[in-house]
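Reminder, nothing fancy here: chain letters follow the sequence lines and each chain counts from 1. Quick note: numbers below take in every heavy atom, side chains included, and nothing from hydrogens, waters or symmetry partners. Nothing here was measured: the structure is a model prediction, and the numbers come from that model.
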There are 2 protein chains.
Amino acid sequence: MAERVTLVTLAAELGVSRQTISNVLNAPSRVKEETRVRVVEAIARSGYRPNSAARQLRNRTSMNLGMRLRPAASDGVNGAVLDGFLHGLTEAAQDRGYRLTLFCADTDEQEIHRYEELLSVADLDGFVLTSTNRDDQRTVWLTEHEVPFVTFGRPWNTAGKPVLSQHSWVDVDGRSGVREATEHLLAQGHQQIAFLGWPAGSGVGDDRWMGWVEAMTAAGIPDGWSALRCAGDDSVPAGSTGAAELLGRGATSFICASDSLALGASAYLWQSHHPDAAASVIGFDNTPVAAAVGVSSISQLVRAAAREVIRLMLRQLQEPGGRPEPVLLAPKLELRDLQRFTQ
Amino acid sequence: MAERVTLVTLAAELGVSRQTISNVLNAPSRVKEETRVRVVEAIARSGYRPNSAARQLRNRTSMNLGMRLRPAASDGVNGAVLDGFLHGLTEAAQDRGYRLTLFCADTDEQEIHRYEELLSVADLDGFVLTSTNRDDQRTVWLTEHEVPFVTFGRPWNTAGKPVLSQHSWVDVDGRSGVREATEHLLAQGHQQIAFLGWPAGSGVGDDRWMGWVEAMTAAGIPDGWSALRCAGDDSVPAGSTGAAELLGRGATSFICASDSLALGASAYLWQSHHPDAAASVIGFDNTPVAAAVGVSSISQLVRAAAREVIRLMLRQLQEPGGRPEPVLLAPKLELRDLQRFTQ
DNA sequence: ACAGACTATTTGAACGTTCATATTCTTTAG
DNA sequence: CTAAAGAATATGAACGTTCAAATAGTCTGT
């Protein structure tokens, strides 16, 4: 077994003191250029790496960020979104020298307990929250305890509208994504464009819905289009049911609030021999399934979002009192040709 | 800000020494029952938690396990499997007081570099490996450096057969799963059962294929069934292509090596007006998509697998010299009714 | 040549544990 | 009543780092 290299052993070998090496790493300006170079070379040669436990003990900082891993959504189609986000987050954190620690919790309340535990036991430096509720208690707790955090998702208040943020967040502008998708269908000549969403009241769902309303209004589509809207739960069957109904009301194309809905709609339309309508379905989240089946979808660009989250987190860690920053990313419309398996 | 509770402050408050409290936690037998109770109560009352950085520094042990997060598979449908595994792993680790640290790597070689780094910097206690290659270099390195690890997936040697394991692993018995699924179709009266898989040579793929061969042989199906096999890449379109070809050769039902293939097969059969054949497709992995669409599938029970991985890991951590243990779990056939969207 | 002002480097202490050893207290036997 | 043995608890040192303060080294201007 190779001997462990520490500040002390390396210092002895070089004939300098611990602190000099420490300074080379943490405050290079304090050290003469010549020694600095000599030390840097020695570090590279010896493979020395500062021990994080010792640093953590001394600095109360662990270079570790925490994130709750949520159980796969009931439906599961959309679970893949957080999967991509997690990957991007790990990567971005790693690039900056941070590590990611996962934990589980069944409820938000339990999540807060885990914060407390992880802070005192493992000195986590901050947390990333993934799905923000209305009047989220977690953000209240974290703010009160002055723990750095960034949310992926806007804070929505009781009225279901985004509130002026007390904290940094990153989100994807669903409204503009849906608007753009609607405009795309309009440009293709569609007029009877339906919106397949969720019951009014959810911040995210209403936001996406508004994108459709805006585009349709702006296009000056004659009256009646606002009835081309259907709300149900977030599932494949709900997509089929909704599509059936909207088709009956004359819809020729469909914007859906999720890929689950889009998948159901597309399958129904195809099977009921409306191939053109089936090809004019646009989903949301750009899940792998939509890609595999060839359904167009609005992509959240989760990798970019993850990178932004880490950027905001580091800003907070560097200047604790800083002003919170909101980041709203534009999603990207992924257009595809529906797979037609019959020749 | 609440004052931090440490061994010293708590000891002072109680009028005992640091070490006594430490013993209550780590070696209760050394301490008089009466004091033990008194200390335990004080710990609960004060909310004291041992600081893990200090423990880590002293013990060279971090209660932290590492796992590489792999980029979502090209296809993505099957990515959900590792997602469920990750969740189960986090949960099981957490229940035993361990935490999970994620990291990224592009290649196996890079992964080994990360092991080295994480071991010296963060004193990780062990690693969980997810996809084992043939003659996996990572397991070689970890064994040589006496680092505890468990793989999810059998070690396959160059011949593509499972080797006598030098290390602990957990895997799902794909062969028996496929055999069971085939037997299920046989019991339903099917004889022309096709197998839609990958090119020969992959350990996992060949193993699943063998399950079909075994069941068909055992059932004494008349000659000719062995031609009802198709191999392609792991994608939805490949499933459709394969199904089309096999249908031409007389297949009435289909066992697939993955849900991607099953999805493609099912969609093709449905669209080409073979609803009965479409309803007799069985996939592998029981992904959320298969569930959503109503395709039957063989489930890997990843949560149970994750729990086993943690159990084996803890065994290794407790007795470092112990004999490696292989665990082969039986998968579970999930039968579903295909969603029929047309009335 | 020397005080004064920097610059560069070193030393002691501390972060919160646990191991090894030392001390104190309790019991038992002679 | 005391010595010895054993049980219970306490103390010093160490893990590897960084902060704060101390020391050594270099330069400037007179």
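Whole-Å rounding puts the A:Glu33 CD to C:dT7 C1' distance at 15 Å. The separation between B:Leu57 atom CG and D:dT17 atom P is 9 Å, rounded to whole Å. In this structure, the CZ atom of A:Arg38 is 15 Å from the P atom of C:dA8, given to the nearest Å. Put simply, CG on A:Leu7 is 12 Å from P on D:dC19, counting in whole angstrom units. Rounded to whole Å, the distance from CZ on B:Arg30 to P on C:dA20 is 9 Å.
When the side-chain nitrogen and oxygen atoms of A:Arg60 are compared with OP1 and OP2 of C:dG16, one or more of them lie within a distance under 4.0 Å. The shortest distance between the side-chain N/O atoms of B:Arg58 and the OP1/OP2 oxygens of C:dG16 is not below 4.0 Å. For C:dG16, the OP1/OP2 oxygens have no side-chain nitrogen or oxygen of B:Thr6 closer than 4.0 Å. Note on B:Thr35: a side-chain N or O is less than 4.0 Å away from OP1 or OP2 of D:dT9. Contact annotation: B:Asn51 does not reach the phosphate of C:dC15 (side-chain N/O to OP1 or OP2, under 4.0 Å). Here A:Ser22 reaches the OP1 or OP2 of D:dT18: one of its side-chain N or O atoms lies under 4.0 Å away. A sub-4.0 Å separation between OP1 or OP2 of C:dT9 and a side-chain N or O of A:Asn23 is absent.
If you check the side chains of B:Arg99 and A:Thr101, you find no donor sitting under 3.5 Å from an acceptor.
When distances are taken from the side chain of A:Val31 to each of C:dT9, D:dT17, C:dC15, the shortest belongs to C:dT9.
A donor-acceptor pair is defined here as one N or O able to donate and one able to accept, closer than 3.5 Å; such a pair exists between the side chain of A:Ser52 and the backbone of B:Val121. No donor-acceptor pair under 3.5 Å is formed between the side chain of B:Glu111 and the backbone N or O of B:Arg138.
Nearest-nucleotide assignment on DNA chain D puts the 5′-proximal partner with B:Ser17, out of B:Asn59 and B:Ser17.
Residue B:Arg18 places a side-chain atom within donor-acceptor reach of the base of D:dG12, judged by atom type and a 3.5 Å distance cut-off alone. Residue side chain A:Gln19 reaches the base of D:dC19 through a donor-acceptor N/O pair under 3.5 Å, judged by distance alone.
Rounded to the nearest 0.5 Å, atoms CZ (A:Arg315) and CZ (A:Arg311) are 6.5 Å apart.
No engagement by B:Arg36 is indicated, since no non-hydrogen atom pair under 4.0 Å with the nucleic acid exists.
Closest non-hydrogen pair, A:Met313 versus A:Phe149, comes out as CE-CA, 4.0 Å.
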